[in-house]
Chemist: 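This is the structure, below, for whatever I ask next.
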Protein chains: 2
Amino acid sequence: MLGPDPRLDAVFAALADPTRRAILARLVEGEAAVGELAAPFSMSQPAVSKHLKVLEHAGLVERSIDGSRRPARLRPEPLAAASTWLEDYRALWEARFDQLDGVLRSMARKEDDA
Amino acid sequence: MLGPDPRLDAVFAALADPTRRAILARLVEGEAAVGELAAPFSMSQPAVSKHLKVLEHAGLVERSIDGSRRPARLRPEPLAAASTWLEDYRALWEARFDQLDGVLRSMARKEDDA
DNA sequence: ACTGTATATAACTAAATAGTTATGAAACTT
DNA sequence: AAGTTTCATAACTATTTAGTTATATACAGT
């Protein structure tokens, strides 16, 4: 159940970096070019370009061409996939805990009987 | 809104590795000792111990002591935090798209008027 | 055509990651 | 008490990552 999904490797790895999460946060407000993204982070422009490439590889961001600018915009699909994975696990966990809870209850009943 | 959360660094980084996700998948069925976890993956025991340490550091797993065994069990809380983060972003995205949709609609109306 | 702006790419470094083998420490078995 | 099992830790290697500076490319404005 819930087999391995290699796409999640790239998505979770991309989300593991706080700078990249901040970039995504910025992109929620709309597309932005590299320069605009680099400004708030005390980081060089090439560093931001690299982060964008990681996000792009994970499918979280899409680039376009506008003259000499290459604005980035969000692509929500992979986030949805990651979210689904997490939610499925949460469900399995809760099922597991409910089950455990059931066991504990029946143990308690036996205590009462004894 | 939705400030930086350093705990997510460790959680997403932990989830980025397929072996670790497989370990979590196994642990959904109940706690397991290192040996049991190492068996299905063609990996050395120390490698699995390291993965467990990463998962533990992310708060996703808890160890206990049972004689010479050190079984690992799941801790769902950090998963919930990650899931919340993703869901919040999804919501922001959708809001953004709805807004964009609104803009497109009004543009369409102006087209009609013209 | 010349200058400046926006970005990518290359080459490099430092640190982190994922794996290995070897070994040591507890605890269990007989 | 001796041997076996279970696990952690150390030491090492190879790969990846996150950053840097320097440079090249392409477009924009004058």
Side-chain angles (χ1 to χ4, degrees), chain A residues 4-27 30-74 78, chain B residues 4-27 30-74 78:
Chain A
D5 184 348
R7 294 178 312 152
L8 290 178
D9 293 20
V11 174
F12 284 131
L15 295 178
D17 186 283
T19 300
R20 284 192 292 265
R21 290 200 304 277
I23 289 176
L24 293 179
R26 166 61 187 80
L27 291 180
E31 72 172 28
V34 176
E36 305 169 52
L37 291 173
F41 312 109
S42 56
M43 277 186 29
S44 66
Q45 167 261 311
V48 171
S49 285
K50 278 193 182 183
H51 281 304
L52 284 175
K53 198 174 275 185
V54 172
L55 290 167
E56 200 179 358
H57 177 247
L60 287 163
V61 142
E62 186 182 38
R63 312 294 302 273
S64 50
I65 297 183
D66 166 30
S68 70
R69 301 178 347 121
R70 317 270 153 84
R73 86 169 56 79
L74 292 173
Chain B
D5 184 349
R7 294 176 312 151
L8 290 178
D9 292 21
V11 174
F12 283 131
L15 295 178
D17 186 284
T19 300
R20 284 192 291 264
R21 290 200 305 277
I23 288 176
L24 293 179
R26 165 63 186 80
L27 291 180
E31 72 173 27
V34 176
E36 307 169 50
L37 291 172
F41 312 110
S42 56
M43 277 185 31
S44 67
Q45 167 260 311
V48 171
S49 286
K50 278 193 183 183
H51 281 304
L52 284 175
K53 197 174 274 185
V54 173
L55 290 167
E56 200 178 358
H57 177 246
L60 287 163
V61 143
E62 185 183 37
R63 311 295 302 273
S64 49
I65 297 183
D66 166 28
S68 71
R69 301 177 349 119
R70 268 131 183 117
R73 85 168 59 78
L74 292 172

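All chains are named by letter (A, B, ...) in the order of the sequence lines, taking the proteins before the strands, and each is independently numbered beginning at 1.
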Chemist: Can you identify which nucleotide, out of D:dA11, C:dT9, D:dT9, has its nearest atom closest to the B:Lys50 side chain?
Modeler: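 Of the candidates, D:dA11 comes closest.
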Chemist: Would you kindly compare A:Ala47 and A:Gly67 by the position of their nearest DNA chain D nucleotide and give the one closer to the 5′ end?
Modeler: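 The residue mapped nearer the 5' terminus is A:Ala47.
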Chemist: Think A:Ser44 has a side-chain N or O under 4.0 angstrom from the OP1 or OP2 of D:dG19?
Modeler: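 For D:dG19, neither OP1 nor OP2 has a side-chain N or O of A:Ser44 closer than 4.0 Å.
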Chemist: Whole-Å distance between C:dA16 P and B:His57 NE2?
Modeler: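 Going from NE2 in B:His57 over to P in C:dA16 covers 12 Å.
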Chemist: In terms of heavy-atom contacts, does CZ of B:Arg7 have more than 12 from other residues, nucleotides or ligands at under 6.0 Å?
Modeler: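 12 or below, so no.
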Chemist: So, does B:Arg63 get its side chain near the phosphate of D:dC7, meaning an N or O under 4.0 Å from OP1 or OP2?
Modeler: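 No, because none of the side-chain N or O atoms of B:Arg63 sits under 4.0 Å from OP1 or OP2 of D:dC7.
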Chemist: Quick one: B:Leu15 CG to C:dA18 C1', roughly how many Å, whole number?
Modeler: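 Whole-Å distance recorded here is 17 Å.
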Chemist: In this structure, how many angstroms lie between the P atom of C:dA22 and the CD atom of B:Gln45, rounded?
Modeler: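 Rounded to whole Å, this separation is 14 Å.
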Chemist: On a heavy-atom basis, which atom in A:Leu27 and which in A:Ala32 lie closest, and how many Å separate them?
Modeler: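 Residues A:Leu27 and A:Ala32, closest heavy atoms: CD2-N, 3.8 Å.
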Chemist: Do B:Val61 and B:Leu24 have side-chain heavy atoms sitting under 4.5 Å apart?
Modeler: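 They are in side-chain contact.
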Chemist: According to a strict under-4.0 Å criterion, is B:Ser68 in side-chain N/O contact with OP1 or OP2 of C:dA26?
Modeler: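 Negative; the distance criterion is not met.
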Chemist: Please report, rounded to the nearest Å, how far the C1' atom of C:dT9 is from the NE2 atom of A:His51.
Modeler: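 Result: 16 Å.
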Chemist: A:Thr19 has a side chain; which of C:dT9, C:dG19, D:dG19 sits nearest to it?
Modeler: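 For A:Thr19, the side-chain atoms sit closest to D:dG19.
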Chemist: Which nucleotide in the set D:dC7, C:dA18, C:dT7 lies at the smallest distance from any side-chain heavy atom of B:Arg20?
Modeler: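 From the listed options, C:dA18 comes nearest.
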Chemist: Could you state the atom-to-atom distance from CD of A:Glu36 to P of C:dT5 in whole Å?
Modeler: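 It works out to 16 Å between those atoms.
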Chemist: Base, sugar-phosphate or nothing for B:Ala33? Non-hydrogen atoms, less than 4.0 Å.
Modeler: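 If one applies the 4.0 Å heavy-atom cut-off, B:Ala33 turns out to touch the sugar-phosphate alone, with no base involved.
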Chemist: Take the protein atom CD1 of A:Ile65 and the nucleotide atom P of D:dA26, then report the distance between them rounded to whole Å.
Modeler: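 One finds 11 Å between P of D:dA26 and CD1 of A:Ile65, rounded.
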Chemist: Out of C:dT20, C:dT9, D:dA8, which has the shortest distance to the side chain of A:Lys53?
Modeler: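 Closest nucleotide to the A:Lys53 side chain: C:dT9.
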Chemist: Over how many whole Å does the gap from B:Asp66 atom CG to D:dC7 atom C1' extend?
Modeler: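 Between C1' of D:dC7 and CG of B:Asp66: 13 Å.
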Chemist: Would you indicate which nucleotide in D:dC7, C:dG19, C:dA8 comes nearest to any side-chain atom of B:Met43?
Modeler: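 For the B:Met43 side chain, the nearest candidate turns out to be C:dG19.
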Chemist: Can you find a pair of side-chain heavy atoms, one from A:Phe41 and one from A:His51, that are under 4.5 Å apart?
Modeler: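 A side-chain contact under 4.5 Å is absent here.
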Chemist: Round to the nearest Å and state the distance from A:Asp17 atom CG to D:dG19 atom C1'.
Modeler: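 In whole Å, D:dG19 C1' and A:Asp17 CG are 11 Å from each other.
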Chemist: Measure from the side-chain N and O atoms of B:Arg70 to the backbone N and O of B:Arg63, and report whether any donor-acceptor pair falls under 3.5 Å.
Modeler: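 No, because the side chain of B:Arg70 does not come within donor-acceptor range (under 3.5 Å) of the backbone of B:Arg63.
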